[in-house]
Amino acid sequence: MLIPRQTVPELVVETVAGGTFDLATDSPEFATLVVFYRGLHCPICATYLKELERLTPEFEQRGVKTVAISSDTEDRARQMADKVGARTLRFGYGLSLSKAKDWGLFISTSRGATSIGIDEPMLFSEPGIFLVRADNTLYFSAIQTMPFSRPHFQEMVGALDFVQKNDYPARGEYTGAV
């Protein structure tokens, strides 16, 4: 389990725009918002990532870079980026499932074609959102076992205003006995 205020695991993936995304060298002013999504087969992911694409400039104004990552192939990730209309949101692909587990993501097995007629991969990770500070420590996370009920990006933008204005610390850092 990842702990707030502690260093997150390494995260390096190729991007559909070309080049490599490396969290350790991303160099945001405040943080990087890492959004792990299920893959091209997930219609809920497409809707969710369209909202992130729309709000990426607002995150950038607050010193937060955004990236969406899946275990999809380059072709499937590119199709998702096209479906989302990505202009500012970066798309990474080829996340290994062992790396997904390092991040605490849940892994699901394929049920065949989804409601939009696209086959699920044999194995894929479920969604997770991580706000990682510039020093590579975890600030916030939300991990799902299902595609439903994810944090709203607009609320996160508002929360960032409060966090930055008040120098609010990452919470959930206690690891001692209870």
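Heavy-atom basis, side chains included; hydrogens, waters and symmetry copies ignored.
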Worksheet item: Got a second to check how far Asn136's CG is from Gln6's CD, nearest 0.5 Å?
Response: 13.0 Å
Worksheet entry | Counterpart residues, ring pair (Phe, Tyr, Trp, His ring centres under 6.0 Å), relative to Phe36 (two or more places apart) | Trp103, Phe130
Worksheet item: Taking all atoms of both residues into account, what is the closest heavy-atom pair of Cys42 and Pro147, and its distance?
Response: SG-CB, 4.2 Å
Item to complete: Carefully, step by step, assess Asp102 and Lys99 under the rule salt bridge (charged side-chain N to carboxylate O under 4.0 Å, His left out).
Response: CA-CA 5 Å; Asp102 289 348; Lys99 183 55 66 179; 3.6 Å; yes
Worksheet item: Are any non-hydrogen side-chain atoms of Arg76 and Ile118 less than 4.5 angstrom apart?
Response: yes
Discussion item. Quick check: closest heavy atoms across Asp72 and Ala77, and the distance to 0.1 Å?
Written reply: CB-N, 4.1 Å
Worksheet entry | Neighbour count above 12 (heavy atom, 6.0 Å) for Gln164 CD | yes
Worksheet item: Just by modelled atom types, is the Thr66 backbone N or O under 3.5 Å from a matching donor or acceptor in the Arg90 side chain?
Response: yes
Worksheet item: Between atom CG of Leu33 and atom CD of Glu60, what is the distance when rounded to the nearest 0.5 Å?
Response: 11.5 Å
Worksheet entry | Between CG on residue Leu138 and CG on residue Leu2, distance to nearest 0.5 Å | 6.0 Å
Worksheet item: What are the two closest non-hydrogen atoms of Ala170 and Arg5, and how far apart are they?
Response: O-NH2, 2.6 Å
Response to the item:
CD (Glu53) and CZ (Phe91) are apart, to the nearest 0.5 Å, by 7.5 Å
Discussion item. Using the rule given for salt bridge (charged side-chain N to carboxylate O under 4.0 Å, His left out), can you reason through Arg54 versus Glu51, listing the C-alpha separation, both sets of side-chain angles and the distance that settles it, and then say yes or no?
Written reply: CA-CA 5 Å; Arg54 184 181 74 77; Glu51 181 71 355; 2.8 Å; yes
Worksheet item: Going through the distances and angles, do Arg150 and Gln144 end up as a side-chain contact (heavy atoms from CB on, under 4.5 Å)?
Response: CA-CA 7 Å; Arg150 302 182 201 189; Gln144 309 299 126; 4.2 Å; yes
Worksheet item: Under the 3.5 angstrom rule, does the side chain of Lys65 hit a backbone N or O of Asp26 as a donor-acceptor pair?
Response: yes
Worksheet item: If every non-hydrogen atom of Ser125 is compared with every non-hydrogen atom of Ala100, which pair is closest and at what distance?
Response: CB-CB, 3.9 Å
Practice prompt. Might you point out which heavy atoms bring Leu97 and Ile107 nearest each other, and give the distance in Å?
Written response: CD2-CD1, 3.9 Å
Worksheet entry | Approximate separation, where rounding is to 0.5 Å, of Lys83 NZ and Leu40 CG | 5.0 Å
Discussion item. Quick one about Asp135 and Thr137 (side-chain donor to acceptor, distance below 3.5 Å, no hydrogens or angles considered), yes or no?
Written reply: yes
Worksheet item: Where is the tightest heavy-atom contact between Pro121 and Ser110, given as atom of each residue plus distance?
Response: O-CB, 3.0 Å
